[in-house]
*Asks:* 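Shown below is the structure under consideration.
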Amino acid sequence: MPEPVSKVRLCLLGYVALSTYATGSSAISVEASDVRRAASALIESVERSQALFGEKASAISQLRALAIECNQENWDAYGATLIDPRAISNAEAIVRALPIGVPLPEFAPEPDGSVSLDWIQSRTRLFSLSVGRSQRLAYAWLDGTDRGHAVATFDGSTIPPRVIDGILAIVKNGHAPIGTF
Amino acid sequence: MATLPSGLSDSVSDQEDLARFLTQSSQFTATLVKPAAFLPSPKDRETSVSRHGSEPREELWTIGLPAAGARTLHAAAIFKAQVVRAAQLEVAADEPPPRHAVIRGWPWDDDDPKLQKAKQVELAAVIASQADLLRR
């Protein structure tokens with residue numbers, strides 16, 4: 001009886017074949033060159049996705065570790081509430097939804113059971129996003145002597161553009177405006 | 001001005017050092033304390049700190065270790081009381097335990113908890129920007 005071929009194995013075989021084709025140099029016709037370029041682009045896209053997925057997977061692992069470390073009341077010795085599992089799942093969704101080009105944040109537990117996602121450039125240049133059990137996000141930023149705060153709603157898949165703009169304004173050198181209340 | 005059982009004045013001066021003990025390594029980076037470390041407890045709406053005068057900073061741990069209990073005491077955030085007041089928050093002595101003080105006056109809005117939180121994070125970030133990280 002023939003051994004069943006798994007989808008993973010098929011994908012791997014396809015990837016190897018595509019890689020071989022993309023890096024090969026025997027194509028001589030215009031069509032063959034076009035196909036080789038398309039294969040190269042596809043490989044590059046797959047590899048970029050894998051690199052990104054790896055970083056995000058690592059970030060999500062950090063989040064889960066934080067949840068385990070703070071899974072008891074009073075984890076900070078000052079009366080903090082344990083980290084809400086819904087805050088962790090919302091934070092994971094945000095990490096997954098971060099567009100390419102936006103660096104991954106650092107995480108910190110908050111005393112009310114929320115999780116803080118922080119993009120810290122320096123002590124006076126940071127963006128802090130508080131993620132709790134609901135999909136409303138509280139955030140604040142410091143940018144030199146400028147500072148502010150706002151609230152936005154996350155639909156579970158797309159991070160509000162003004163949050164992305166705010167993060168990029170901090171992590172890049174520009175001074176993009178951030179919506180304020 | 002009265003003197004508290006710890007021997008400290010009941011009034012916290014602007015120049016006094018305050019310490020916030022950090023029991024999670026995720027509360028700070030290699031060099032900085034993250035804003036979340038200063039957010040108030042939802043139970044009493046205050047941030048507990050310890051007053052630390054001119055004593056060697058190493059003596060902080062003699063206060064912090066009993067407070068941390070079974071938790072690992074990783075570090076402390078050190079900042080001046082005036083930093084808190086500059087952020088329009090209050091600092092007040094609150095003994096016992098000895099040297100205990102609280103940061104109070106955090107924005108609180110039961111009608112819009114998320115907006116309240118955003119305001120708190122902004123103020124916490126201001127304090128964090130002026131705090132020194134002291135590792136154990």
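Computed from a predicted model, the values in this text were never measured in an experiment. Just so we're on the same page: letters track the sequence lines, and every chain starts at 1. Every heavy atom of this structure was used, including side-chain atoms; hydrogens, water molecules and symmetry mates were not.
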*Asks:* How long is the span from the CD atom in B:E122 to the CH2 atom in A:W141, to the nearest 0.5 Å?
*Replies:* 7.5 Å

*Asks:* For residues A:R147 and B:L123, determine if any side-chain heavy atom of one lies less than 4.5 Å from a side-chain heavy atom of the other.
*Replies:* yes

*Asks:* Which residue out of B:V33, B:D44, B:T23 racks up the most heavy-atom pairs below 4.5 Å with chain A?
*Replies:* B:T23

*Asks:* Less than 4.5 Å to any heavy atom of chain A: does that hold for the side chain of B:L73, its backbone, both, or neither?
*Replies:* neither

*Asks:* Measure B:Q24 against the heavy atoms of chain A and call it side chain, backbone, both or neither at under 4.5 Å.
*Replies:* side chain

*Asks:* Specify which of A:A140, A:G132, A:A77, A:S128 makes the most heavy-atom pairs with chain B at under 4.5 Å.
*Replies:* A:A77

*Asks:* Let me know if B:V126 has heavy atoms under 4.5 Å from chain A in its side chain, its backbone, both or neither.
*Replies:* both

*Asks:* Where on B:A131 is there a heavy atom nearer than 4.5 Å to chain A: the side chain, the backbone, both, or neither?
*Replies:* backbone

*Asks:* Looking only at non-hydrogen atoms, find the nearest pair between A:E110 and B:A36 and report the distance.
*Replies:* CG-CB, 3.9 Å

*Asks:* Identify whether A:F154 and A:L168 are in the same connected component of the hydrophobic contact network (ILVMFWY, side-chain heavy atoms under 4.5 Å).
*Replies:* yes

*Asks:* Between A:P111 and B:P40, which heavy-atom pair has the shortest distance, and what is it?
*Replies:* CG-O, 3.4 Å

*Asks:* With clusters defined by side-chain heavy atoms of hydrophobic residues (ILVMFWY) lying less than 4.5 Å apart, directly or transitively, does A:V163 cluster with A:L126?
*Replies:* no

*Asks:* Quick check for you: to the nearest 0.5 Å, what is the distance between A:D112 atom CG and B:Q116 atom CD?
*Replies:* 8.5 Å

*Asks:* Out of curiosity, B:K117 NZ to A:H149 NE2, how far, rounded to the nearest 0.5 Å?
*Replies:* 13.5 Å

*Asks:* Heavy atoms only, distances under 4.5 angstrom: which of A:S116, A:S134, A:S130, A:G113 has the most pairs with chain B? Name it, please.
*Replies:* A:S130

*Asks:* Would one find more than 12 heavy atoms of other residues, nucleotides or ligands at under 6.0 Å from atom CZ of B:R136?
*Replies:* yes

*Asks:* If we check side-chain contact (heavy atoms from CB on, under 4.5 Å) with A:R123, which of these qualifies: B:L32, B:T29, B:T31?
*Replies:* B:L32

*Asks:* Under a single-linkage definition using a 4.5 Å side-chain heavy-atom cutoff for Ile, Leu, Val, Met, Phe, Trp and Tyr, are B:L18 and B:L89 assigned to the same hydrophobic cluster?
*Replies:* yes

*Asks:* Hey, which of B:S25, B:S48, B:A37, B:A124 has the most heavy atom pairs under 4.5 Å with chain A?
*Replies:* B:S48

*Asks:* Hey, quick one: are B:L22 and B:F79 part of the same hydrophobic cluster, counting side-chain heavy atoms closer than 4.5 Å, chains of contacts allowed?
*Replies:* yes

*Asks:* Drop me the distance from A:Q135's CD to B:K114's NZ, to the nearest 0.5 angstrom.
*Replies:* 10.5 Å

*Asks:* Do side-chain atoms of A:Y78 reach the backbone of B:E46 as a donor and acceptor pair under 3.5 angstrom?
*Replies:* no

*Asks:* More than 12 non-hydrogen atoms from neighbouring residues, nucleotides or ligands closer than 6.0 Å to CD on B:E95, yes or no?
*Replies:* yes

*Asks:* Answer with yes or no whether the hydrophobic clustering places A:I88 together with A:F107; edges join I, L, V, M, F, W, Y residues whose side-chain heavy atoms lie under 4.5 Å apart.
*Replies:* yes

*Asks:* Taking all non-hydrogen atoms of both residues, which atom of A:W75 and which atom of B:Q27 are closest, and how far apart?
*Replies:* CZ3-NE2, 3.8 Å

*Asks:* Donor-acceptor check, side chain of A:R136 to backbone of B:P113, threshold 3.5 angstrom: yes or no?
*Replies:* no

*Asks:* May I ask you to decide if A:P109's main-chain N or O and B:K34's side chain share a donor-acceptor pair within less than 3.5 Å?
*Replies:* no

*Asks:* B:A125 versus chain A, heavy atoms under 4.5 Å apart: side chain, backbone, both or neither?
*Replies:* both

*Asks:* Name the region of B:K43, side chain, backbone, both or neither, that has any atom closer than 4.5 Å to a heavy atom of chain A.
*Replies:* side chain

*Asks:* Could you tell me which non-hydrogen atom of B:S26 sits nearest to which non-hydrogen atom of A:E69, and how far apart they are?
*Replies:* OG-OE1, 4.5 Å

*Asks:* Given a strict heavy-atom distance threshold of 4.5 Å, which part of A:D118 is in contact with chain B: side chain, backbone, both, or neither?
*Replies:* side chain

